[in-house]
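Beneath this line is the structure, given in structure tokens, with notes to follow.
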Protein chains: 2
Amino acid sequence: MTERRPRKDALRNRAAVFAAADALFARRQSPDSVTMADIATEAGVGKATLFRAFGDRTGLIRALYEARLEPIRSAVEQGPPPLGPDAEPLERVPALLDAVLCFKLDNRHLALALEQTGSGSPYSAEHYERWHTLLRTLLERIPGLPDRDFTAHALLAATRADLVEHLAGEKGLPRDTMRAQLAEFTARILGVRENSHPAQP
Amino acid sequence: MTERRPRKDALRNRAAVFAAADALFARRQSPDSVTMADIATEAGVGKATLFRAFGDRTGLIRALYEARLEPIRSAVEQGPPPLGPDAEPLERVPALLDAVLCFKLDNRHLALALEQTGSGSPYSAEHYERWHTLLRTLLERIPGLPDRDFTAHALLAATRADLVEHLAGEKGLPRDTMRAQLAEFTARILGVRENSHPAQP
DNA sequence: TACTGAAGCGGACCGCCGGTCCGTATCGTA
DNA sequence: TACGATACGGACCGGCGGTCCGCTTCAGTA
């Protein structure tokens with residue numbers, strides 16, 4: 001029952017692998033052009049070390065993704081409004097979607113790698129479950145909306161990594177333009193009828 | 001410049017391959033558990049024949065998808081309202097999205113295979129381009145909407161194959177329930193303010 | 001500091017899959 | 001029937017995710 005602390009070299013290697021994977025995903029265009037052997041080499045580590053630490057390729061990507069997501073997660077769980085728990089749903093929902101979008105804009109390749117990593121759809125990852133549940137809960141406090149469960153899925157679908165990559169990456173849509181469009185779309189769903197000024201914090 | 005007609009055996013094999021792939025994708029749960037060798041064997045054909053006819057795995061899946069999509073495509077391009085070109089945008093947009101959703105419900109595994117086939121995001125396929133362009137065009141004829149280009153993407157994102165699989169497949173959401181939810185969501189975007197009765201043709 | 005067993009390491013190795021090659025069989029035509 | 005062109009198919013290849021096992025390094029003990 002006693003938790004054994006991992007050894008120092010294990011921790012050092014784990015960090016090295018994270019850094020290496022991060023760099024490689026950012027450098028290469030296509031996520032699956034990054035092989036496990038590549039990451040191991042870049043990290044100065046044996047391939048088996050990767051698999052021992054993370055199980056398989058999906059595990060590695062998931063772990064990296066969760067790590068990068070951590071700041072946003074804590075901002076949502078204990079930060080100030082409009083992202084934090086003290087905000088009213090009508091302002092928190094757009095803030096949350098904007099945060100997700102910004103994260104995917106900033107970590108395009110990583111998000112892409114996660115979502116299109118063959119085994120296991122994005123919907124089985126627990127971070128998706130978290131976002132969806134939170135979003136649904138917030139929507140439930142806003143009157144007059146369509147089915148909240150589906151609506152939460154549909155809104156999150158508008159921030160899918162490959163869509164972000166398609167618009168911001170390939171078609172060159174500027175970051176703030178896309179943020180504004182998502183905000184407008186969200187406002188429309190929420191029934192906010194005032195005109196035209198999407199937030200731009 | 002003269003088009004050479006393909007030989008009979010080539011045509012026969014092509015059809016056999018389609019049938020085999022269709023059956024296999026429907027039978028297995030995960031699309032990438034279906035290997036090219038599997039398809040070749042099931043079709044009673046050599047592996048090289050697959051690659052000669054379709055180029056690569058993606059080409060085969062795309063060709064099959066387009067073939068299955070053909071009825072809907074023609075219903076949209078030359079059928080009667082509400083799907084056909086004579087319908088008003090306010091009724092054609094929901095009809096179109098419903099048709100796409102139904103198609104993905106009926107061809108879940110195939111759609112999944114196409115969208116998560118690693119090379120090339122779904123957004124580079126020409127059938128997506130077609131749906132998106134048509135949808136955007138229709139939205140442009142409806143006043144007071146958010147950015148039409150983005151809205152078209154976002155609406156289509158709500159019918160993504162893996163989302164459909166997640167809701168209808170794993171969570172067991174009934175077909176008509178999901179259709180109604182998508183219809184409600186769409187209506188909300190279109191600004192249709194009348195209450196509560198989503199179509200169920 | 002020397003000892004020691006356990007935790008961790010790494011690269012050779014495996015099975016599988018997408019994709020290619022080339023000798024052979026089949027088609028369509030005269 | 002004969003013959004060129006077209007298509008066939010299974011052996012083959014390179015590369016990837018994942019595993020195995022002999023070796024190294026850590027950290028507690030005296």
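Scope of the values below: all heavy atoms of this structure, side chains included, with no hydrogens, waters or symmetry mates. Below, read A as the first sequence line, B as the second, and so on, with proteins coming before strands; counting in each chain starts at 1.
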Take the protein atom CZ of A:Arg12 and the nucleotide atom P of D:dT25, then report the distance between them rounded to whole Å. 11 Å
Using a strict cut-off of less than 4.0 Å between a Lys/Arg side-chain nitrogen and an Asp/Glu carboxylate oxygen, indicate whether A:Asp176 and A:Arg179 qualify as a salt bridge. yes
In terms of side-chain geometry, is the basic nitrogen of A:Glu126 or A:Arg130 positioned less than 4.0 Å from the acidic oxygen of its partner? no
Kindly point out which of D:dG9, C:dG19, D:dC20 is positioned nearest to the side chain of B:Thr49? D:dG9
Spacing of A:Met36 atom CE relative to C:dG10 atom C1', expressed in whole Å: 14 Å
Can you tell me how far P of D:dC16 sits from CG of A:Leu24, to the nearest Å? 13 Å
Report yes if a donor N or O on one partner sits less than 3.5 Å from an acceptor N or O on the other, where the partners are the side chain of A:Arg52 and the base of D:dG18; otherwise report no. no
For a quick test of reading the model: is some side-chain N or O of B:Asn13 closer than 4.0 Å to OP1 or OP2 of D:dA7? no
Nearest to the side chain of A:Asp56, which nucleotide is it out of C:dC9, D:dG18, D:dC8? D:dG18
Please report the distance, rounded to the nearest Å, between CZ in A:Arg14 and C1' in C:dA7. 16 Å
Given D:dG9, D:dA11, D:dT25, which nucleotide is nearest the side-chain atoms of A:Asp9? D:dT25
Would you say the base of C:dG28 and the side-chain of B:Lys8 have a donor-acceptor pair closer than 3.5 Å? no
Between B:Arg148 and B:Glu140, is there a side-chain N and carboxylate O pair less than 4.0 Å apart? no
Specify the separation, in whole Å, of atom CG of A:Leu11 and atom P of C:dA7. 16 Å
Donor/acceptor link under 3.5 angstrom from B:Arg7 side chain onto base of D:dA7: no
Residues A:Arg160 and A:Glu165 bridged, charged N to O under 4.0 Å: no
Side chain of A:Val45 only, please: which of D:dT25, C:dC21, C:dG10 is the nearest? C:dG10
Check whether the side chains of B:Ser30 and B:Asp32 place a donor and an acceptor atom closer than 3.5 Å, and report yes or no. yes
Nearest-Å distance for atom pair CG/P, residues A:Leu50 and C:dC9: 10 Å
Establish, with yes or no, whether the OP1 or OP2 oxygen of C:dG18 is under 4.0 angstrom from a side-chain nitrogen or oxygen of B:Thr35. yes
Have a look at A:Ala10 and say if it touches a base, only the backbone sugar-phosphate, or nothing, with a 4.0 Å heavy-atom cut-off. sugar-phosphate
When the distance from CZ of B:Phe51 to P of C:dC22 is rounded to whole Å, what number comes out? 17 Å
Find the distance B:Lys47:NZ to C:dC22:C1' and express it as a whole number of Å. 16 Å
